[in-house]
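First up is the structure itself, then whatever we jot down about it.
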Amino acid sequence: MTIHRRNFLKQGGLAAAGLLTLRIPALAATQKPYQGVLQPTHNIPADKSIDAAWIKSLYERGETTVYRKSANELKFIGMPAGGLHAGTVYLGGDGRLWLWQVYNDPREGIDPKTVLWNDGKQEVKVRNRDGACYVEPAIAANKRVLDQGFALKIESGGQEWIKELKEDDWQEVTFEATYPVAVVRFKHSALPVEVEMFAGGVFVPLDADDSALPATVFDIRIKNISGKDVKVTLAGWLENGARKVSAKDGEGERRNQVVKGDGFITVQGSFAAADGSSNRPDDGYTAITLAGETGFANTHAQPWPVTSAYFSTRSEAPATSAPSGILNGGVVTETKSLAPQATASSRFLLSWHFNHPLATLRAKLKDTEGGFFYGARFKDAAAVGSYLAQNLDRLWGATLRWRDTWYNKSTLPHWFLERTFLNIGTLATANTYRFASGRFWSWEGVNACEGTCTHVWQYAQAMGRIFPSLERDTRQRTDLGIAMQPDGGIIFRAEFEGRPAIDGQAGTILRIWREHCMSADNQFLTQNWPAIRKATQFMLAQDKNGDGLTDTPMENTLDAIWEGEIAWIAGLCIAAARAAEKLAEDAGDKAFAKICREYADKGGRNMSQLFNGEYYIHRPNAAHGRSKLGSYNTCHIDQVYGQSWAFQAGLGRLWNREETLSALRALWKYNFTMDVGPYIKTHTGGRPYAVAGEGGMVMNTNPKNEEKAYGDNVTWQLGYFHECMSGFEHQVASHMMAEGMTDEAMVLTRVIHDRHHAARRNPFNEIECSDHYARAMASYGTFITACGFDYHGPKGEIRFAPAINQPVFSAPFTAAEGWGTYSQENHSGGGRTCELELAYGSLRLKTFKTGPASAWKKVTVQLNGKTLKATLRQADGTSTVELADAVRVLEGQKLHIQFS
């Protein structure tokens with residue numbers, strides 16, 4: 001039986017843990033309202049007491065975040081280091097891989113456990129989706145499922161040193177946190193060399209296929225810092241991981257064998273079952289490959305410690321052992337000589353291949369029948385290594401180019417670039433799959449809440465911008481296909497549900513608009529327009545009284561069915577109607593565009609009816625009043641989420657600006673605190689996604705201190721209201737950034753960043769109902785609004801209106817067919833220079849926009865020194881440059897625009 005998130009919390013999470021029932025033991029049976037101490041006074045201070053100098057420092061470029069052995073900051077680090085949808089393989093703080101969640105394990109989260117947490121009044125049990133790994137993060141040393149590592153033999157001046165690339169063997173180890181490629185550095189004052197390790201999976205924006213290789217690249221660079229010649233021998237090893245979990249003696253034997261090719265050598269581990277079977281979840285292959293011409297292999301590696309023999313033993317004959325035998329894995333080795341101050345590089349590739357989708361999914365997901373996407377491409381791990389080795393310069397080169405483009409060619413603060421981007425690492429965990437059919441599919445968090453849930457995934461902005469083909473396919477194949485009902489309703493978990501969710505329905509229409517804009521042409525829209533129209537009609541029909549404010553009770557992301565007119569839901573539907581209007585216009589359906597426009601205009605006007613003078617509220621159903629759970633006159637984190645989405649998708653202002661700003665200020669005043677401790681101590685019932693001493697924005701607060709503020713018959717979902725969930729916080733930060741509340745946006749993003757400092761927990765794992773939660777990819781939206789980015793691929797339009805660092809600004813961007821760097825500089829005479837430099841692919845451009853509008857009279861546009869015909873116009877706060885003919889900017893080219 002499938003237990004969804006809401007049922008888990010109800011049956012075995014918050015309620016079973018005592019987070020709710022210890023204080024209201026008869027609630028489920030009697031449905032009595034909260035009273036007395038269960039209606040605590042609002043206690044978030046209006047004065048945040050934030051140091052102005054600290055806020056100013058948030059805008060500084062600063063340095064890349066570096067975590068250090070000397071500061072005890074390495075033990076929790078787990079950066080997803082494999083390809084997309086290929087399981088969870090973590091790169092640890094000292095450069096070794098850990099976790100190895102590649103065995104199709106159905107257990108929830110990365111470290112299933114129950115821990116105790118003091119909620120301010122008593123110790124309560126916290127299960128995995130309640131935040132166990134937030135309270136007690138997984139530690140790398142306890143999760144090294146496979147033995148893997150590198151060792152270095154150094155010879156110079158008659159001396160010899162042997163060091164493994166691990167924390168214990170070096171005086172200082174540092175981890176530079178630049179997902180998707182981290183840099184780990186090893187230093188020791190007694191050694192003539194320093195080591196620099198660039199490690200991560202292949203990650204090339206727009207290339208969803210080659211970014212999905214089940215492999216990790218180790219690009220290890222050794223520098224001779226002495227005045228003498230140095231000989232270095234580098235050995236890398238990987239334990240045979242086949243049937244690592246299940247194998248018993250008598251069932252067969254592990255085998256290691258060498259595979260050679262042009263410019264590489266591989267040792268692959270497999271398992272030969274005595275009965276010939278190969279269908280267990282951990283049946284498969286692991287491999288280590290050395291890319292280069294001079295390496296050699298050893299298939300007979302024994303357990304460690306490493307001795308001098310590991311660097312000289314060459315044995316390329318197949319090796320076998322029983323599961324309990326002493327055969328460990330394969331070693332590949334390379335020797336190089338270094339003159340003083342010279343650097344040598346060796347590139348190792350670790351790959352895996354376990355092509356057995358979860359048995360628990362097979363009954364409902366037909367797409368599992370062909371296995372995984374990588375399983376259909378490659379027969380085993382050695383084939384992955386071979387492909388990667390032969391294409392390494394192209395794939396790893398593009399990966400490093402993206403890293404350089406994102407982190408080094410931008411003027412945005414390093415910490416901001418890290419936090420807004422790293423959550424896309426969720427795609428490189430066991431939270432997401434891609435099946436042989438090409439279908440993308442996901443949980444909400446690792447192995448928790450199935451079905452690529454529409455009302456969670458619609459918050460995630462990263463994948464649609466970085467790998468838009470995956471989102472387009474999901475809209476077409478799943479939302480508008482498998483999940484589409486005859487009346488246009490989209491089942492919010494596809495095969496795993498039977499009903500639509502209203503916020504998921506609206507969010508899907510908004511994502512369809514985004515996916516259309518991130519396309520090179522109109523093909524996606526044209527193919528899907530009838531289904532898009534039907535889905536929109538279903539959403540519009542949920543406004544029963546015709547005022548443009550959705551009022552049909554329907555499931556939402558807080559796992560309840562709220563009644564009445566809810567600003568959060570109504571606003572999302574208004575935004576979706578505006579997106580549908582734009583889609584209809586591009587599809588040539590003028591009649592439907594008019595219907596959508598009228599709905600959005602009416603709803604935008606009537607949103608003021610839901611404004612209480614300070615913020616937007618939930619107006620109760622006239623017949624039932626407040627009989628059921630709702631936000632009512634409380635201050636809810638998502639109350640203006642529709643407008644936030646509009647800024648992500650270039651849809652403009654949807655309703656009253658001043659009211660919207662007031663609502664955001666109310667969220668800052670009533671819901672944000674630099675220390676959540678006092679609030680969660682008195683407002684118990686929430687899960688610990690932020691704890692005492694940490695800042696955050698609480699989901700829903702009762703600043704008016706109303707009795708029965710959340711309804712007469714509150715249910716278990718009330719626990720959500722007292723939590724800090726980072727995905728919701730990120731969407732508010734992105735909205736604040738777009739509205740000019742840049743200080744508040746930066747502070748909110750920074751406290752999330754600080755909550756995930758490596759001294760506390762894994763920086764790469766934002767948790768909400770299990771690990772690597774999809775909603776956290778809303779963080780990319782704050783980057784979008786910081787750049788003031790908007791793009792319409794089919795029309796060839798691009799816009800930048802930076803919200804911060806405006807005098808001199810540069811940032812990365814992605815488009816339908818390419819990515820690169822946008823930069824601008826304002827000149828003292830009032831002019832501005834803008835430049836688009838392509839680092840990958842190409843960009844078709846007809847229209848360029850920048851903001852704010854200025855008194856510029858002239859524009860000059862050049863592509864590689866050739867002047868292009870262009871006209872300039874100023875309107876609606878935007879300066880628009882229209883090229884006479886569309887141009888294509890190619891990789892390595894620059895488009896130069898000069899305003900004067």
Greater than 12 external heavy atoms within 6.0 Å of Lys681's NZ: no
Point-to-point distance, once rounded to the nearest 0.5 Å, from CG of Leu651 to CZ of Arg514: 12.0 Å
Short side-chain donor-acceptor distance under 3.5 Å, Thr660 and Trp655: yes
Donor-acceptor contact present, side-chain Ser770 to main-chain Val446, <3.5 Å: yes
Flag if over 12 foreign heavy atoms under 6.0 Å of CG, Asp51: yes
Shortest non-hydrogen contact from Phe421 toward Pro180: CE2-CD, 4.1 Å
Spatial distance of atom OG1 (Thr432) from atom CG (Leu427) [nearest 0.5 Å]: 5.5 Å
Residues Asn765 and Asp771: side-chain donor-acceptor under 3.5 angstrom: yes
Polar side-chain atom of Trp513 near backbone of Ala649 as donor-acceptor pair, under 3.5 Å: yes
Leu549 versus Glu565, closest heavy-atom pair with distance: O-OE2, 3.5 Å
Over all atoms of both residues, closest heavy-atom pair of Lys704 and Asn612: CE-ND2, 4.3 Å
Rounded distance (nearest 0.5 Å) linking atom OG of Ser734 with atom CG of Leu748: 9.5 Å
Least distance between heavy atoms, Tyr689 atom then Arg129 atom: OH-O, 2.6 Å
Distance (rounded to the nearest 0.5 Å) between Asn556 CG and Ile502 CD1: 10.0 Å
Side-chain (Gln505) to main-chain (Ile490) donor-acceptor, under 3.5 angstrom: yes
Any pair counted as salt bridge (charged side-chain N to carboxylate O under 4.0 Å, His left out), so long as it reaches residues 734-751, sequence neighbours left out: Arg653-Glu739, Arg750-Asp754
Salt bridge (charged side-chain N to carboxylate O under 4.0 Å, His left out) partner of Glu766, chosen from Arg419, Arg761, Arg775: Arg419
Polar contact flag, side-chain donor to acceptor under 3.5 angstrom, Glu555-His455: no
Between CG on residue Asn700 and NE2 on residue His618, distance to nearest 0.5 Å: 11.0 Å
Heavy-atom pair with the smallest gap, counting every atom of Asn43 and His683: OD1-CE1, 3.5 Å
Stepwise ring-ring contact (aromatic ring centres under 6.0 Å, His included) check, Tyr641 with Tyr459: CA-CA 10 Å; Tyr641 179 36; Tyr459 286 79; 4.5 Å; yes
Distance in Å, Ser608 OG paired with Glu658 CD, rounded so as to fall on 0.5 Å steps: 11.5 Å
Donor-acceptor side-chain pairing of Asn705 and Thr41 below 3.5 angstrom: no
Distance-only side-chain donor-acceptor flag, Glu614 / Tyr670, under 3.5 Å: yes
Heavy-atom closest pair, residues Leu417 and Trp406: O-NE1, 3.1 Å
Non-neighbouring partners of Phe764 that pass side-chain contact (heavy atoms from CB on, under 4.5 Å), sequence neighbours left out: Ile77, Met79, Pro80, Phe175, Ala177, Tyr179, Leu422, Asn762
Sidechain N-carboxylate O distance under 4.0 Å for Glu515, Arg511: no
Phe440-Trp457 aromatic ring centre distance below 6.0 Å: yes
Partner set under side-chain contact (heavy atoms from CB on, under 4.5 Å) for Ala506, not counting sequence neighbours: Met539, Leu572, Cys573, Ala576
No-hydrogen, no-angle side-chain donor-acceptor test under 3.5 Å, Ser779 and Asn423: yes
Option passing ring-ring contact (aromatic ring centres under 6.0 Å, His included) with Phe789 (candidates Phe647, Tyr780, Phe800): Phe800
Donor-acceptor side-chain pairing of Gln731 and Asp638 below 3.5 angstrom: yes
Member of Lys628, Arg619, Arg626 meeting the salt bridge (charged side-chain N to carboxylate O under 4.0 Å, His left out) criterion with Glu563: Lys628
Ile569 backbone acceptor or donor facing Thr550 side chain under 3.5 Å: no
